[in-house]
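This chain uses plain numbering: 1 for the first residue, then up along the sequence.
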Amino acid sequence: MPCPNVGGVSGLHFLPNDPADLVRAMRKAMEPMMHEGLVKALPQPSTAREMARRYLDFFDEALLEPV
């Protein structure tokens, strides 16, 4: 079963501790249309500058919160 995400399909679910269900999900992911959809749903990675800004923003907010 596809795992829905706001932007589309981002992954497939499989039952834990069930190797056969994992194989089923892997085979499903190999289907051309499903594979294409999964690849298109991958988020774009952040640039180094964007990531640095997010870290700085996080620490700025953390320093403002009372301990």
Side-chain angles (χ1 to χ4, degrees):
M1 157 170 280
C3 173
N5 187 356
V6 173
V9 174
S10 65
L12 298 173
H13 285 208
F14 59 92
L15 297 171
N17 300 317
D18 188 340
D21 199 43
L22 173 58
V23 169
R24 178 204 52 78
M26 292 172 70
R27 286 185 175 147
K28 182 74 176 170
M30 290 172 35
E31 294 174 6
M33 294 293 290
M34 178 60 73
H35 181 262
E36 184 179 333
L38 292 168
V39 169
K40 283 183 179 178
L42 288 171
Q44 291 295 316
S46 300
T47 66
R49 184 177 298 271
E50 291 167 339
M51 186 57 71
R53 172 56 45 210
R54 290 175 63 194
Y55 275 116
L56 289 172
D57 290 345
F58 172 80
F59 287 115
D60 284 344
E61 287 181 32
L63 291 172
L64 294 176
E65 293 180 11
V67 179

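Closest heavy-atom contact between Ala25 and Leu12: O-CD1, 3.2 Å.
A search for salt bridge (charged side-chain N to carboxylate O under 4.0 Å, His left out) contacts involving Glu50 returns nothing, not counting sequence neighbours. Taking Asp21 as the reference, Arg24 meet the side-chain hydrogen bond (donor to acceptor under 3.5 Å, both in side chains) condition, with sequence neighbours excluded.
With hydrophobic clusters built from ILVMFWY side chains whose heavy atoms lie under 4.5 angstrom apart, Leu15 does not share a cluster with Leu22.
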Distance-only donor-acceptor hits, side chain of residues 52-62, under 3.5 Å, sequence neighbours excluded:
none

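By the 6.0 Å contact criterion, CE on Met51 is enclosed, its count of non-hydrogen atoms from other residues, nucleotides or ligands being greater than 12.
A distance of 13.0 Å separates CD of Glu36 from CD of Glu31, quoted to the nearest 0.5 Å.
With Leu38 as the fixed residue, the side chain to side chain contact (heavy atoms under 4.5 Å, CB included) test singles out one of Lys40, Met34, His35: Met34.
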